[in-house]
Amino acid sequence: MHELVTFQQHKVGRDQRAANLGHYEGFRGCTIWFTGLSGAGKTTLSFGVEKALTKLGIPAYGLDGDNVRHGLCKNLGFSRHERTENIRRVAEVSKLFADMGVITLSSFISPYRNDREEARRIHESESLPFFEIY
């Protein structure tokens with residue numbers, strides 16, 4: 001399975017992110033969910049936004065589909081059921097980051113509308129903003 005996924009290197013480091021926590025007053029956590037075909041630029045765009053937000057002093061973290069499959073979801077394949085579980089896990093992690101005040105930039109193919117709607121519900125149940133970008 002790992003031959004199918006390529007680890008993407010972040011452009012923002014842990015020290016840069018940590019320096020931004022609490023930099024601005026007020027709640028700003030949300031999830032921006034990038035979806036689309038493989039190779040469409042989801043991760044490139046989300047990692048670029050992560051870098052720009054970090055430079056502005058706004059806490060942000062990019063979650064990439066391939067990176068998550070190297071850790072949190074390494075036990076999952078690509079069947080419909082496993083894709084659904086992959087998206088559910090990522091939505092839960094994204095929700096935790098957003099609740100902490102981090103803008104979570106989640107880049108996942110997420111081909112099934114029901115899975116994306118469940119990710120939205122997971123956030124809305126905690127009154128956390130969720131934006132889907134195609």
Side-chain angles (χ1 to χ4, degrees):
M1 177 181 67
H2 288 290
E3 299 83 39
L4 300 174
V5 295
T6 303
F7 191 83
Q8 301 294 318
Q9 194 63 37
H10 280 269
K11 313 259 184 300
V12 175
R14 184 178 297 137
D15 291 341
Q16 290 172 290
R17 285 189 194 94
N20 288 336
L21 283 174
H23 190 78
Y24 291 106
E25 290 185 25
F27 181 77
R28 64 210 164 267
C30 70
T31 293
I32 303 174
W33 192 276
F34 295 85
T35 186
L37 298 174
S38 178
K42 298 176 297 298
T43 297
T44 300
L45 184 59
S46 68
F47 281 7
V49 172
E50 176 188 32
K51 187 170 182 78
L53 290 171
T54 301
K55 281 184 177 181
L56 293 171
I58 299 169
Y61 194 87
L63 293 173
D64 169 73
D66 285 352
N67 292 2
V68 169
R69 285 186 177 272
H70 280 274
L72 178 67
C73 297
K74 69 180 174 182
N75 66 322
L76 298 175
F78 293 91
S79 70
R80 176 149 188 162
H81 171 74
E82 289 168 312
R83 285 180 183 270
T84 295
E85 177 60 13
N86 182 58
I87 297 306
R88 186 197 68 76
R89 289 180 191 182
V90 170
E92 291 288 349
V93 169
S94 297
K95 175 190 78 174
L96 294 172
F97 281 21
D99 189 47
M100 190 179 81
V102 174
I103 295 176
T104 310
L105 304 150
S106 300
S107 304
F108 294 84
I109 294 172
S110 48
Y112 304 115
R113 180 183 307 267
N114 287 346
D115 296 345
R116 295 190 310 273
E117 287 303 316
E118 179 61 18
R120 181 183 305 280
R121 280 190 293 275
I122 286 169
H123 285 75
E124 289 177 347
S125 71
E126 301 294 327
S127 300
L128 293 166
F130 179 92
F131 304 96
E132 183 179 331
I133 309 296
Y134 179 80

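Below, each value reflects all heavy atoms present in this structure, side chains not excepted, and no hydrogens, waters or symmetry copies.
Inter-residue side-chain proximity for Ile109 and Thr35 is flagged as unmet; no heavy-atom pair is nearer than 4.5 Å. Using a 4.5 Å heavy-atom cutoff, the side chains of Lys51 and Lys11 are in contact. Annotation: side chain of Lys95 is not in contact with side chain of Thr31 (no heavy-atom distance under 4.5 Å). Between Glu118 and Tyr112 there is no side-chain heavy-atom pair separated by less than 4.5 Å. Looking at heavy atoms from C-beta onward, Asp99 lies in side-chain contact with Leu128 at the 4.5 angstrom threshold. For the pair Leu96 and Ser94, the minimum side-chain heavy-atom distance is 4.5 Å or more. Contact of the Ile103 side chain with the Ile58 side chain is registered, since non-hydrogen atoms from C-beta on lie closer than 4.5 Å. Looking at Leu63 and Val93, their side chains come closer than 4.5 Å, going by heavy atoms from C-beta outward.
Between Ser46 and Ser107, the side chains place a donor N or O and an acceptor N or O closer than 3.5 Å (distance only, hydrogens not considered).
The CG atom of Asp64 lies 8.5 Å from the NZ atom of Lys42; values are rounded to the nearest 0.5 Å. Between atom CG of residue Asn75 and atom CZ of residue Arg69 there is a gap of 9.5 Å, rounded to the nearest 0.5 Å. Note that the CD atom of Glu92 and the CG atom of Leu72 stand 10.5 Å from one another [nearest 0.5 Å]. Note that OG1 of Thr84 and CZ of Arg89 are 12.0 Å apart. Values are rounded to the nearest 0.5 Å. To the nearest 0.5 Å, atom CD of residue Glu85 and atom SG of residue Cys73 are 7.0 Å apart. With values rounded to the nearest 0.5 angstrom, Thr43 atom OG1 is found 7.0 Å from Asp66 atom CG.
In the displayed structure, Tyr134 atom OH is contacted under 6.0 Å by at most 12 heavy atoms of other residues, nucleotides or ligands.
Between His10 and Tyr61, the ring planes are tilted. Angles from 30° to 60° get that label.
Cluster membership for Leu105 and Leu45, using ILVMFWY side-chain heavy atoms within less than 4.5 angstrom, is shared. Follow the hydrophobic side-chain contacts under 4.5 Å out from Phe34 and you never reach Ile122; the two are in separate clusters.
Within the 6.0 Å centre-distance limit, the rings of Trp33 and Phe108 are counted as a close aromatic pair.
A distance-only check finds no donor-acceptor pair linking the side chain of Arg116 to the backbone of Glu132 [under 3.5 Å]. Side-chain atoms of Arg83 do not come within 3.5 Å of backbone N or O of Gly77 as any donor-acceptor pair. With hydrogens and angles ignored, the 3.5 Å screen pairs a side-chain donor or acceptor of Asn67 with a backbone N or O of Gln8.
In plain terms, the two heavy atoms of His70 and Thr6 that are nearest each other are NE2-C, 4.3 Å. The nearest pair of heavy atoms linking Ala98 to Thr104 is N-OG1, 3.7 Å. Nearest heavy atoms, Gly29 versus Pro129: O-CD, 3.5 Å.
A cation-pi contact, defined as under 6.0 Å to the ring centre and within 45° of the axis, is absent between Arg121 and Phe130.
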